[in-house]
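The model shown is predicted, which means the values in this text are computed figures rather than measured ones. We name chains A, B, ... by the order of the sequence lines, and we start the count at 1 in each one.
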Amino acid sequence: MPAKKTAINKNRSDLPPTPYTFFEDVYAIVRLIPYGRVTSYGAIAACLGARSSARMVGWAMNASHTVLPYVPAHRVVNRDGILSGKHHFSTPTEMEELLRSEGIEVRDNQVVDFDQKFWDPAQEVGGWRL
DNA sequence: TTGTTGACCTCTT
DNA sequence: CAAGAGGCCAACA
C-alpha cells in the first residue's frame with residue numbers, strides 16, 4: 001500500500017496509534033549507523049517514507065538523550081554534513097570529540113569527506129518496515 | 001486551547 | 001543560480 005507522506009504514524013496500520021512510533025523508528029535507524037559513519041536527518045526521514053518530516057527527526061534526536069539503549073546522535077548531521085546539533089549535547093564539543101574518536105574528521109563544524117562517510121539508511125535497511 | 005518553535009528538506013520564484 | 005516559502009508534527013508556553 002502506498003504510504004502517504006503525511007501523518008507518519010497514522011498510516012501505520014500495522015502498529016498501534018502510539019504517537020511515539022516515529023521517534024522509535026528514528027532511534028532504531030540511528031542505532032544501525034555503523035561505527036565511523038554518519039547520515040543525515042533527511043535520509044532517515046526518507047527511509048521512513050516521510051521525506052518532508054525531516055524536522056521531526058531532529059525533534060526525535062532532541063529526546064534521544066533520555067532514551068535507552070544509547071542512541072549515537074552524534075552520527076546524525078544535516079545534509080551539508082554540518083554538526084547542527086552540537087549545541088544540544090552536554091558540552092558543545094562533545095559531538096565533535098565523539099566523531100573524531102571514530103575517525104571522522106571535523107573541521108569548522110563540518111564533516112570532512114562527508115560523501116565518503118555518509119551512510120544511507122535506505123541502502124542498508126532496504127524495505128525495512130515499509 | 002491556540003500559537004510558536006524547532007538538531008531540516010524540497011520545491012518554487 | 002540564489003533566495004524565499006512551504007511543509008511536516010510533537011512539545012511547550
Side-chain angles (χ1 to χ4, degrees):
Chain A
M1 71 168 194
K4 300 251 348 166
K5 291 165 176 115
T6 56
I8 297 161
N9 41 349
K10 295 193 172 82
N11 57 32
R12 297 288 296 275
S13 54
D14 58 324
L15 293 172
T18 51
Y20 286 71
T21 305
F22 178 70
F23 280 40
E24 294 192 9
D25 283 351
V26 171
Y27 300 147
I29 290 185
V30 173
R31 283 192 275 256
L32 290 177
I33 304 174
Y35 181 93
R37 307 292 294 279
V38 292
T39 190
S40 72
Y41 303 94
I44 295 171
C47 181
L48 291 174
R51 62 168 192 237
S52 52
S53 295
R55 222 172 180 189
M56 290 303 94
V57 177
W59 257 113
M61 302 315 285
N62 188 30
S64 66
H65 288 284
T66 67
V67 174
L68 290 176
Y70 174 68
V71 177
H74 61 280
R75 293 180 192 151
V76 184
V77 296
N78 72 356
R79 192 144 187 87
D80 300 320
I82 298 174
L83 282 56
S84 29
K86 67 181 267 179
H87 251 208
H88 292 266
F89 282 77
S90 42
T91 68
T93 56
E94 184 178 330
M95 187 174 185
E96 186 174 330
E97 300 278 335
L98 284 169
L99 288 174
R100 283 226 174 105
S101 70
E102 298 190 359
I104 299 175
E105 286 185 58
V106 178
R107 186 167 172 163
D108 293 331
N109 289 346
Q110 191 164 353
V111 175
V112 181
D113 294 330
F114 178 62
D115 292 340
Q116 292 181 347
K117 304 289 185 183
F118 180 75
W119 176 81
D120 187 1
Q123 202 169 24
E124 190 64 29
V125 181
W128 177 74
R129 278 204 178 201
L130 285 179

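- In this structure, NE2 in A:H88 is found 8.5 Å from NE2 in A:H65, a value given to the nearest 0.5 Å.
- Considering only side-chain N and O atoms, A:S53 lies nowhere under 4.0 angstrom from the phosphate OP1 or OP2 of B:dC9.
- Nucleic acid contact class of A:N78 (heavy atoms, under 4.0 Å, all strands): sugar-phosphate only.
- The residue A:A63 sits apart from the nucleic acid: no heavy atom pair falls under 4.0 Å.
- A:M56 has its CE atom 7 Å from the C1' atom of B:dG6, to the nearest Å.
- When rounded to the nearest whole Å, the span between CZ of A:F22 and P of C:dA11 equals 12 Å.
- Checking C:dA10, B:dA7, C:dC8 against the side-chain heavy atoms of A:F23 singles out C:dA10 as nearest.
- Take the nearest nucleotide of DNA chain B for A:W59 and for A:A43: the residue whose nucleotide is more 5' is A:W59.
- In this structure, A:I44 places its CD1 atom 12 Å from P of B:dC8, rounding to the nearest Å.
- Set against C:dA10, B:dC9, C:dG7, the side chain of A:R55 has C:dG7 as its closest nucleotide.
- Proximity note for A:R79 (side chain, C-beta onward) versus C:dA11, B:dA7, B:dC9: the nearest is B:dC9.
- Distances from the side chain of A:S40 to the nucleotides C:dA11, B:dA7, B:dC9 place B:dC9 closest.
- Residues A:L99 and A:R75 approach most closely at CD2-CA, 4.4 Å, considering heavy atoms.
- Taking every side-chain heavy atom of A:H65 into account, B:dA7 is the closest of B:dA7, B:dG6, B:dC9.
- Annotation for A:F118 and A:S40: closest pair CE1-N, 3.7 Å, computed over non-hydrogen atoms.
- Between A:D80 atom CG and B:dA7 atom P there is a gap of 16 Å when expressed in whole angstrom units.
- Using C1' as the reference atom, B:dA7 and C:dA3 are 23 Å apart when rounded to the nearest Å.
- The distance from atom NE2 of A:H87 to atom P of B:dG6 is 13 Å, rounded to the nearest whole Å.
- Rounded to an integer number of Å, the gap from CG of A:L83 to C1' of B:dA7 is 10 Å.
- Counting only heavy atoms from C-beta on, A:A54 has its side chain closest to B:dC8 among B:dA7, C:dA10, B:dC8.
- Here the P atom of nucleotide C:dA10 and the OH atom of A:Y27 are 13 Å apart, to the nearest Å.
- A:S53 places no side-chain N or O within 3.5 Å of a backbone atom of A:A45 that could act as its donor or acceptor partner.
- Look at NZ on A:K86: it is 19 Å from C1' on B:dC8, rounded to the nearest Å.
- The closest side-chain heavy-atom distance from A:Y41 to A:M61 is below 4.5 Å.
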